[in-house]
Amino acid sequence: MQKDLQTDWIEKIYRIVRRIPKGKVTSYGAIAECIGTRTTARMVGWAMNASHNARPAVPAHRVVNRNGLLTGKHHFATPTLMQELLAAEGIFVEQDRILDFKKHYWLPDENNKD
DNA sequence: TCACTGACCGTGG
DNA sequence: ACCACGGCCAGTG
């Protein structure tokens with residue numbers, strides 16, 4: 001059944017991102033590595049951009065880069081929306097950097113599926 | 001059609 | 001410690 005196998009990895013990313021617990025954050029590389037290829041970290045960001053049309057909507061605000069910087073905040077509806085959403089979950093951000101990022105860091109685990 | 005870019009990360013000098 | 005480069009997939013010019 002040849003479907004969107006070419007975009008299958010994108011759906012994987014969506015599922016993983018949606019598994020991120022509230023008040024937790026992860027990095028693009030962690031997601032990329034979870035799907036099998038860490039080199040696709042760039043594509044994760046691209047997938048996030050396409051996530052605007054994904055249903056249900058993926059909590060892209062819980063996804064940041066390795067440095068804990070809100071690199072994708074500029075791609076949200078408003079440049080401050082990402083920070084607002086994180087703050088609403090108890091994650092404070094200063095200068096586009098998540099405070100205690102390591103503390104809120106969450107790694108997607110295969111054992112954590114559903 | 002070819003080439004470059006993109007919300008990145010790891011390694012090498 | 002800092003700077004430069006390669007890699008993967010898909011979309012756009």
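First the proteins, then the strands, lettered A, B, ... as listed; each starts at 1.
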Rounding to a whole Å, what distance do you find between [X]:[atom1] and [N]:[atom2]?
X        : N      : atom1 : atom2 : answer
A:Ile10  : C:dC8  : CD1   : C1'   : 13 Å
A:Trp46  : C:dG11 : CH2   : P     : 5 Å
A:Asn67  : B:dA7  : CG    : P     : 16 Å
A:Ile13  : B:dA7  : CD1   : P     : 14 Å
A:Ile16  : B:dA7  : CD1   : C1'   : 16 Å
A:Arg97  : B:dA7  : CZ    : P     : 22 Å
A:Leu107 : B:dC9  : CG    : P     : 12 Å
A:Asn65  : B:dA7  : CG    : P     : 12 Å

Q.
Taking the minimum atom-to-atom distance to the side chain of A:Ser27, which one of B:dA7, B:dC9, C:dC9 wins?
A. B:dC9

Q) Between the side chains of A:Thr40 and A:Tyr28, does any donor sit under 3.5 Å from an acceptor? A) no

What distance, rounded to whole Å, do you find between the two [atom1] atoms, one in [N] and one in [M]?
N     : M     : atom1 : answer
C:dC5 : B:dC4 : C1'   : 16 Å
B:dA3 : C:dG6 : P     : 16 Å
B:dA7 : C:dC2 : P     : 24 Å

Q. Which part of the nucleic acid, if any, lies within reach of A:Ala50 when heavy atoms closer than 4.0 Å are counted: base, sugar-phosphate only, or nothing?
A. nothing

Q.
Just to be sure I understand the rule, does A:Asn49 reach a base, reach only the sugar-phosphate, or reach nothing, if contact means heavy atoms closer than 4.0 Å?
A. base

**Q.** Under-4.0 Å side-chain N/O to phosphate OP1/OP2 contact, A:Trp9 with C:dA10
**A.** yes

Q) Closer than 4.0 Å, any side-chain N/O of A:Thr71 to the OP1 or OP2 of B:dC8? A) yes

Q. If you measure from OH on A:Tyr14 to CZ on A:Arg55, what distance do you get to the nearest 0.5 Å?
A. 10.0 Å

Q. Taking all non-hydrogen atoms of both residues, which atom of A:Thr26 and which atom of A:Trp106 are closest, and how far apart?
A. OG1-O, 2.9 Å

Q | Over 12 non-hydrogen atoms of neighbours within 6.0 angstrom of NE2 in A:His74 | A | no

Q. Taking NZ, NE, NH1 and NH2 as the nitrogens, is one of them in A:Glu89 or A:Lys24 under 4.0 Å from a carboxylate oxygen of the other?
A. no

